[in-house]
Amino acid sequence: MQDDARYLKRKVTAGSLDVHPTEKALVVHYEVEASILAEGGGHMLGERKEGQKIIRVKSLSPSTDVGALAKKVVEECKLIPASRLPQVEQLLYYLQNRKSSPVEGKMEKKEKRPVKPRELTPFDGMELNEEASITRVDEYIELLYEGIPEKIRGSALILQLARNPDNLEELLHNEAALGALARVLREDWKQSVELATIIIYIFFCFSSFSQFHGVVSHYKIGALCMSVVEHELKRHDVWPPENGSLRRDQDKAVRKYHGLLSKQEQLLRVSLYLLLNLAEDTRTELKMRNKNIVGLLVKVLERDDEELLVLVVSFLKKLSIFLENKNDMAEVDTVERLARLVPCDHDDLLNLTLRLLLNLSFDSGLRAKMVEVGLLPKLTALLGDENSRQVALRILYHISIDDRFKGMFVYTDCIPQLMQMLYEHGEEDTEAELLSICINLAANKRNAQLICEGNGLKMLMKRALKMKDCLLMKMIRNISQHDGATKPVFIDYVGDLAAEIRAEEEEEWVLECLGTLANLTIPDLDWELVLKEYNLVPYLKDRLKPASAEDDLILEVVIMIGTVSMDDACAAMLAKSGIIPALIELLNAQQEDDEFVCQIVYVFYQMVFHQATRDVIIKDTQAPAYLIDLMHDKNAEIRKVCDNTLDIIAEYDDEWGRKIQSEKFRFHNNQWLEMVESRQADESEPYLYDNDNDRTDLFYSADGITPADGSVSPDFFNDLQPQNGDMYHTGDGSDVFDQTSSSPGRPATAYGFRPDEQPFYQYS
C-alpha cells in the first residue's frame with residue numbers, strides 16, 4: 001500500500017466562532033482532514049481531527065473601533081472567511097460590553113457567562129511553594145494514592161496545570177491522571193470539601209471548552225456534581241443557624257460556622273458552574289432536569305453569597321427557556337425567592353434576576369405570582385434606573401396583559417412615570433415597549449383617568465397627530481372608550497380626528513382615528529355638522545363596499561355609522577345618501593361574521609328611533625326581513641339587539657308586526673313540539689308532573705290565556721307586556737319608548753369584549 005501512495009492531501013475546514021468564556025478572546029473552531037491519495041487520485045487512508053485557535057484581543061477597550069478591529073482579525077486569521085466579518089464584529093462588540101451587556105428583548109439561548117469561580121487558595125494552612133510542571137504529572141498522580149492531605153496536594157498541583165488552557169490537550173491524553181482524579185472524587189468527596197472542590201475545579205477547566213465535554217461525561221463527573229450539590233444542601237439544613245443555638249459570645253463557633261459556609265459555597269459554585277457548562281447540550285440538560293436540577297438551584301437562592309447567586313440565577317435563566325423547566329420552577333416557589341433580590345446593589349445579579357423574571361412572565365400563573373409577592377411596585381421603582389428600565393418595562397408589559405392586574409397599576413406611580421417617559425421622548429420615535437404597556441393600561445377606566453390628568457391627553461393628541469403615530473393613537477382610542485369624565489374631554493379634538501379620515505391616508509392610521517371618533521357617544525355632539533364640514537359621508541359609504549378595505553377598517557366604519565346615527569338629523573342625512581342599502585349589501589357579504597352582523601343590526605336599531613330613517617328602513621328596504629331571520633341567531637348579543645329593533649318596528653307597522661308575531665309563534669311552537677316529541681321518544685323517562693291528566697292542562701286554560709284545547713295563535717303575543725325597546729301608550733296619546741332595559745348604547749361586541757380592549761402583544 002505504501003508503494004502506491006503518491007502524496008498527502010490536507011484540508012482545513014472552518015467551524016463555529018465563539019467568545020472565550022473568561023478572557024478577551026475569540027475561539028475559532030476548525031476541522032483538519034488529512035488524506036493519503038493513491039497515484040490515480042483514489043482515497044487510501046484518511047483521518048479527521050477537530051481543533052481550535054484562540055485569538056486574544058487584549059487591546060479591546062470601550063473606546064476601540066470594533067469595525068476596524070474585526071477587519072484586522074479577519075485579515076490576519078486565515079481560518080475566518082471574509083463573509084463572516086459581521087459575526088466577528090458582533091462577537092467583538094459582545095466582548096467589549098460583557099460586563100454590562102444589554103438586556104435582550106426575547107428569551108435567548110445564548111447566555112452571558114456568569115462570574116468565574118474565585119481562584120482557589122491553599123487549604124488548611126498548606127502552601128504550594130513549588131511550581132507545577134507538565135512533565136511531572138506522573139509524580140502528582142502518585143500522591144492521589146496516599147492520604148487525604150497528599151491527595152489535596154497532588155490534585156492542587158494538577159489544578160495549576162489545568163488552569164492553563166494550553167495544558168489541557170496534554171492532560172487529556174493522560175488517561176491515568178484523569179482516571180485517578182475521577183476515582184478519588186468518587187470515593188473521597190464526602191471526606192474532604194477541599195479535595196472535592198479542587199478536583200471538580202480541574203474538570204471544570206475541561207468543561208469550559210465544548211470539545212472536552214465528552215471527557216467530562218465519560219467519567220460521569222456531571223452526575224457526581226449533582227450528588228455533591230444535593231448532599232451539601234441537605235448538610236446545610238442540619239447545621240445550627242447563626243442566630244439560633246449559636247450565641248453571639250461563642251466567637252469560635254461562629255467563626256467555624258462561617259468557615260464551613262464559605263468552603264461549602266465555593267464547592268457549590270464550582271460544581272454548578274461545571275453543570276452549567278455541560279448543560280449546553282440539551283440532552284445533558286434533560287438528564288439534569290430528571291434529577292431535579294431546578295429544585296436544587298431554587299434551594300440555593302436562599303443563600304446570601306452574591307457570586308453564587310449570580311451563577312444560580314444565570315443557570316435558571318438558561319433552563320427557563322424550556323416549558324418543562326419553567327413548569328418545575330412554578331412548582332417550587334421560584335418567584336417568591338427571586339422577589340427578595342429585586343432590587344439589590346449587585347448590578348449583574350439584578351440584571352440576571354430581571355431577565356429570568358422576564359422569561360417566567362410569559363406564563364400567566366407566574367405573572368399572578370409576581371403581583372402576589374409584591375413585585376409590581378418594585379418593578380415600577382426600577383423604571384427610574386437606566387440600566388434596569390428596559391427589562392423592567394417588558395415585565396410590566398406582560399403583567400399589563402391581564403385584565404385582573406390592570407387596575408393595580410393605579411396604586412403605584414407607574415403611570416406618572418410612563419407619561420414622563422413619553423414626554424421626554426419629544427418628537428423622537430417612541431419605544432414600542434413603552435407604547436405597548438401604555439396601550440394595555442389605557443384599557444382600564446381608572447388608568448385612563450390618570451393618563452388624562454393635567455395636560456396628559458393634550459400632549460398625547462398633539463404628539464400623535466404631528467407624528468401620525470399609530471400606536472400612540474391606539475392608546476388614545478383605548479382612552480376614548482370609557483364613559484365618565486374622560487369622554488367629554490375629547491370634544492376639543494373631534495375636528496382634528498375627523499380631518500384625518502381621508503382616502504389618501506394610511507389605512508392603519510385612519511383605523512385608529514376612526515375608532516376613536518366612533519367611541520365618542522357624547523349626547524351634545526353635533527355629528528351632522530362634523531360629517532358635513534369634513535365631507536365624511538362619501539368616505540363612509542365608499543368603505544362599506546365589500547373588499548374596499550381591510551375588514552377591521554370596514555367594521556370601524558359600521559361602528560362609526562352606528563354612533564352618529566344617534567343624532568336625528570345625522571341619521572336622516574345618512575338615509576338619504578343611500579347608506580342603508582350599502583349596509584344590507586355588506587350584511588349579505590359578511591353574514592358569517594358575528595361582529596359585522598351585530599354592529600350592522602345596531603345601526604338599524606339606532607335608525608328606527610328616528611321618524612325619517614324609520615320609514616326608509618321599514619318601507620323601502622328589506623332590513624326587517626333580515627332581522628326576522630336573525631331573531632333566533634345563536635349569538636346572544638345579536639339576538640338581543642335584533643329583538644329590540646323588531647319590537648320597535650312591530651309597533652309602527654302592522655304588517656311587519658304580524659309577520660314578527662307569526663315568526664315568534666312559529667319558533668316557540670316548534671320548541672314546544674320538539675320538547676313533546678323528545679319526551680315521547682324516551683318512554684322510560686317519567687313525566688315531569690306526577691298526574692295522569694292530559695298535558696293540555698299545562699296551558700292553564702282557566703286563566704283565559706289559551707284555549708282549553710291547547711292551541712296557540714299569533715294573537716297570543718298581542719297581549720304580552722312591553723318588552724325591551726317596546727313602546728308604551730300614555731294617557732295623552734303620545735308614545736314613549738322603554739329604553740330603560742333596552743340596549744343603552746352601542747353593543748360592546750358580538751363576543752363580549754371590544755376589539756380595542758385586547759392586550760397589545762406586538763411590541764417588537
Side-chain angles (χ1 to χ4, degrees), residues 101-112 114 272 276 279 282 285-286 288-289 292-303 308-344 346 348-383 385 387-406 408-409 412 414 433 436-437 440 759 761 763-764:
S101 63
V103 178
E104 300 297 330
K106 299 180 180 178
M107 296 187 298
E108 72 268 5
K109 210 168 181 178
K110 279 286 183 184
E111 296 293 321
K112 172 188 171 185
L272 291 175
L276 175 59
T282 54
E285 182 180 309
L286 179 60
M288 295 181 191
R289 188 246 169 184
N292 192 32
I293 183 65
V294 171
L296 297 178
L297 290 171
V298 173
K299 182 72 174 174
V300 181
L301 287 177
E302 299 174 350
R303 302 298 183 98
L308 180 59
L309 289 173
V310 166
L311 173 61
V312 170
V313 175
S314 180
F315 204 158
L316 285 171
K317 180 183 177 297
K318 181 186 185 305
L319 295 173
S320 67
I321 65 175
F322 291 102
L323 177 65
E324 297 83 359
N325 296 331
K326 183 268 298 179
N327 291 338
D328 290 344
M329 294 179 198
E331 294 176 0
V332 290
D333 300 330
T334 306
V335 172
E336 290 88 330
R337 300 185 182 184
L338 290 173
R340 76 179 184 92
L341 303 179
V342 180
C344 67
H346 195 290
D348 287 340
L349 179 57
L350 177 59
N351 181 274
L352 286 166
T353 302
L354 291 176
R355 294 169 69 188
L356 172 56
L357 288 171
L358 176 61
N359 284 2
L360 297 179
S361 67
F362 284 87
D363 182 278
S364 61
L366 291 173
R367 288 199 297 270
K369 184 64 68 175
M370 292 177 193
V371 175
E372 180 183 328
V373 298
L375 274 173
L376 188 56
K378 291 183 177 181
L379 293 169
T380 299
L382 291 175
L383 293 178
D385 181 359
N387 295 327
S388 305
R389 176 182 299 171
Q390 283 286 22
V391 64
L393 193 63
R394 288 166 182 167
I395 300 172
L396 290 171
Y397 159 75
H398 283 165
I399 294 174
S400 74
I401 292 174
D402 290 316
D403 289 336
R404 298 173 293 171
F405 310 132
K406 286 185 174 72
M408 296 185 180
F409 283 81
T412 70
C414 182
E433 298 92 337
S436 299
I437 184 174
N440 288 346
Y761 289 99
Y763 66 76
S764 60

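Of the inter-residue distances, the one linking T334 atom OG1 with L301 atom CG reads 7.0 Å to the nearest 0.5 angstrom. Taken from CG in D328 to CG in L323, the straight-line distance is 9.5 Å, to the nearest 0.5 Å. Atom CE of M288 is separated from atom CZ of F315 by 5.0 Å, given to the nearest 0.5 angstrom. For the atom pair E285 CD and K318 NZ, the distance stands at 4.0 Å (nearest 0.5 Å). In this structure, the separation between CG on N440 and CD1 on I399 is 12.0 Å, given to the nearest 0.5 Å. Rounded to the nearest 0.5 Å, atoms CG (L354) and CG (L379) are 6.5 Å apart.
K317 places no side-chain N or O within donor-acceptor distance of the main-chain N or O of L352, the cut-off being under 3.5 Å. With hydrogens and angles disregarded, no donor-acceptor distance shorter than 3.5 Å links the side chain of R289 to the backbone of N325. Put simply, the side chain of D402 never gets that close to the backbone of R404: no donor and acceptor are under 3.5 Å apart. Checked by atom type and distance alone, the side chain of S314 never pairs as donor or acceptor with a backbone atom of V310 at under 3.5 Å. Listed for the D333 side chain is no donor-acceptor partner under 3.5 Å among the backbone atoms of E336.
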Are L308 and V300 close enough, and set up right, to give a side-chain contact (heavy atoms from CB on, under 4.5 Å), and what steps lead you there?
CA-CA 8 Å; L308 180 59; V300 181; 3.6 Å; yes
Stepwise side-chain contact (heavy atoms from CB on, under 4.5 Å) check, L319 with M329
CA-CA 9 Å; L319 295 173; M329 294 179 198; 3.8 Å; yes
Verdict with reasoning, L396 to L376, per side-chain contact (heavy atoms from CB on, under 4.5 Å)
CA-CA 7 Å; L396 290 171; L376 188 56; 3.4 Å; yes
Go through the steps to decide whether L375 and I395 satisfy the test side-chain contact (heavy atoms from CB on, under 4.5 Å), and finish with yes or no.
CA-CA 10 Å; L375 274 173; I395 300 172; over 6 Å; no
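Side-chain contact between V313 and L341 is present, with heavy atoms from C-beta onward closer than 4.5 Å. You'll find the side chain of N359 stays beyond 4.5 Å of the side chain of L316, heavy atoms only. By the 4.5 Å heavy-atom criterion applied to side chains, L276 and L311 are counted as neighbours.
With sequence neighbours excluded, no residue satisfies side-chain hydrogen bond (donor to acceptor under 3.5 Å, both in side chains) with T412. Taking A330 as the reference, L366 meet the side chain to side chain contact (heavy atoms under 4.5 Å, CB included) condition, with sequence neighbours excluded.
In terms of heavy atoms, V342 sits closest to K378 at O-CD, 3.0 Å. Counting all heavy atoms, side chain and backbone alike, V298 lies closest to V332 at CG1-O, 3.5 Å. Taking every heavy atom of both residues into account, K406 and I401 meet most closely at NZ-O, 3.2 Å. Heavy atoms only, all atoms of each residue included: M370 and V335 are closest at CG-CG1, 3.7 Å. Across F409 and C414, no two heavy atoms sit closer than the pair CD2-SG, 3.7 Å. For the residue pair P343 and L350, the shortest heavy atom distance occurs at CA-CD1, 4.1 Å.
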